[in-house]
Amino acid sequence: MTIDQFNFAGKKAFIRVDFNVPLDENFNITDDTRMRAALPTLKKILANGGSLIIGSHLGRPKGPADKFSLKHILKHLEDLLGVEVQFANDCMGEEAAVKASALQAGEVLLLENLRFYAEEEGKPRGLAEDATDEEKKVAKAAVKESQKEFTKKLASYADCYVNDAFGTAHRAHASTALIAKHFDKNSKMFGYLMEKEVKAVDKILNDIQRPFTAIMGGSKVSSKIEIIENLLSKVDNLIIAGGMTYTFTKAMGGKIGISICEDDKLDLALDLVKKAKEKGVNLVLAVDAKIADAFSNDANTKFCPVNEIPDGWEGLDIGPKTEELFADVIKNSKTILWNGPTGVFEFENFTHGSRTVGEAIVEATKNGAFSLVGGGDSVACVNKFGLASGVSYVSTGGGALLEAIEGKVLPGIAAINE
Ligand code: AMP
């Protein structure tokens, strides 16, 4: 079922959103992007004559805690939706059930943080540090058992289920995946945000216009290895940027000074170079670097070949020759995936490489390429440089997007499609 096909008139919809927004010490929302991202879905259901039961998590509580209460976002949700929003202090209690059952068309109920219950994630809590494996096993079985009741209760509030929380789609939690089993195929669906994310990932994985270029940046090879391996059988060009560069450079015999490097991943880097060759993938590595004599924005800097970094110096961004090299490849591409900055973009003096990559992607997009930017830091990059509107799609998912690109089936997506 799709959200556009379903008739919500007179129906109660349980909608799982990702309202895990950052709050300051006075509980003011410092970035409401995630709330805004769910609005099209919420508004559509209300306009269609449905009512909303909204479930979300906020932070990583270990049990009920005022700090992680969703009541802090209630007022802002009302402002965004332009309607009054009721609140249930406990997503499981009598109050939630009564309020949900009394909902009329056009009304909205926000449930308290689902993660106040261990059952949401299905992981035991409060285990002693010295718990034995047997005790852990028993506790896990117990929470999995009570998770069934928890999930059933959440499902009982509503006539249909909508998942619009892409950020948690890679987790098989009660409200993101398990709950879907309580609804038949005709009464469960993705929200608009989730639909867009699924479509964007599908274009990158299954509907590729060539040449396809992936730009993988960030700090560590180890955290990107599975994605890189999966991409090697899909892309034409694989650009390696960011801190990962130096693990490759060192593995190939270059001098990297004190640049970030995973010494236990040198063989792995060489193996990736070999695999790229075997598969005919154009692996594009940096040729020069902007180096610094300290890990600081105010450090002294200069440019040098990437494999000739002097002792005591470290590469904190790509150099001008590399910028040109990367930009050329990107501008000639028809499908582009960008994950991870080319340098320490948090320091103003080391943003130039990431900005150049972002601008090249925008230019390619203008010329008809499909571009997907995703994974926390690259999203921060395009936002910082004001380039978000120039790319085809900016994903809201960090871990979820990366797992999807790794080729994994995301439980939150599978549960709707089953
Ligand atoms: P990731 O979370 O793996 O995508 O990595 C993003 C982080 O990598 C950012 O915080 C960057 O500052 C960092 N990073 C990128 N290039 C470098 C570099 N050359 N040296 C150290 N850190 C880097």
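No experiment lies behind these values; they were computed from the predicted model shown. Start at 1 and go down the list; that is how both ligands and their atoms are numbered.
Annotation: side chain to side chain donor-acceptor pair (under 3.5 Å) contacts of Asp264 (sequence neighbours excluded): none. Taking Arg210 as the reference, Asp236 meet the side chain to side chain donor-acceptor pair (under 3.5 Å) condition, with sequence neighbours excluded. Partners of Asp164 according to the side chain to side chain donor-acceptor pair (under 3.5 Å) rule, which considers only residues two or more places apart in sequence or in another chain, are Thr41.
Within 4.0 Å of ligand 1, protein heavy atoms belong to Gly218, Ser219, Lys224, Gly242, Gly243, Tyr246, Ile260, Gly315, Leu316, Gly343, Val344, Glu346, Asp377, listed by chain and number.
For the pair Lys123 and Glu119, the salt-bridge criterion is not met [side-chain N within less than 4.0 Å of a carboxylate O]. With respect to Lys275 and Asp271, a salt bridge is recorded, a charged nitrogen being found less than 4.0 Å from a carboxylate O.
None of His352, Lys290, Arg355 except one satisfies the side-chain hydrogen bond (donor to acceptor under 3.5 Å, both in side chains) rule with Glu323; the exception is His352.
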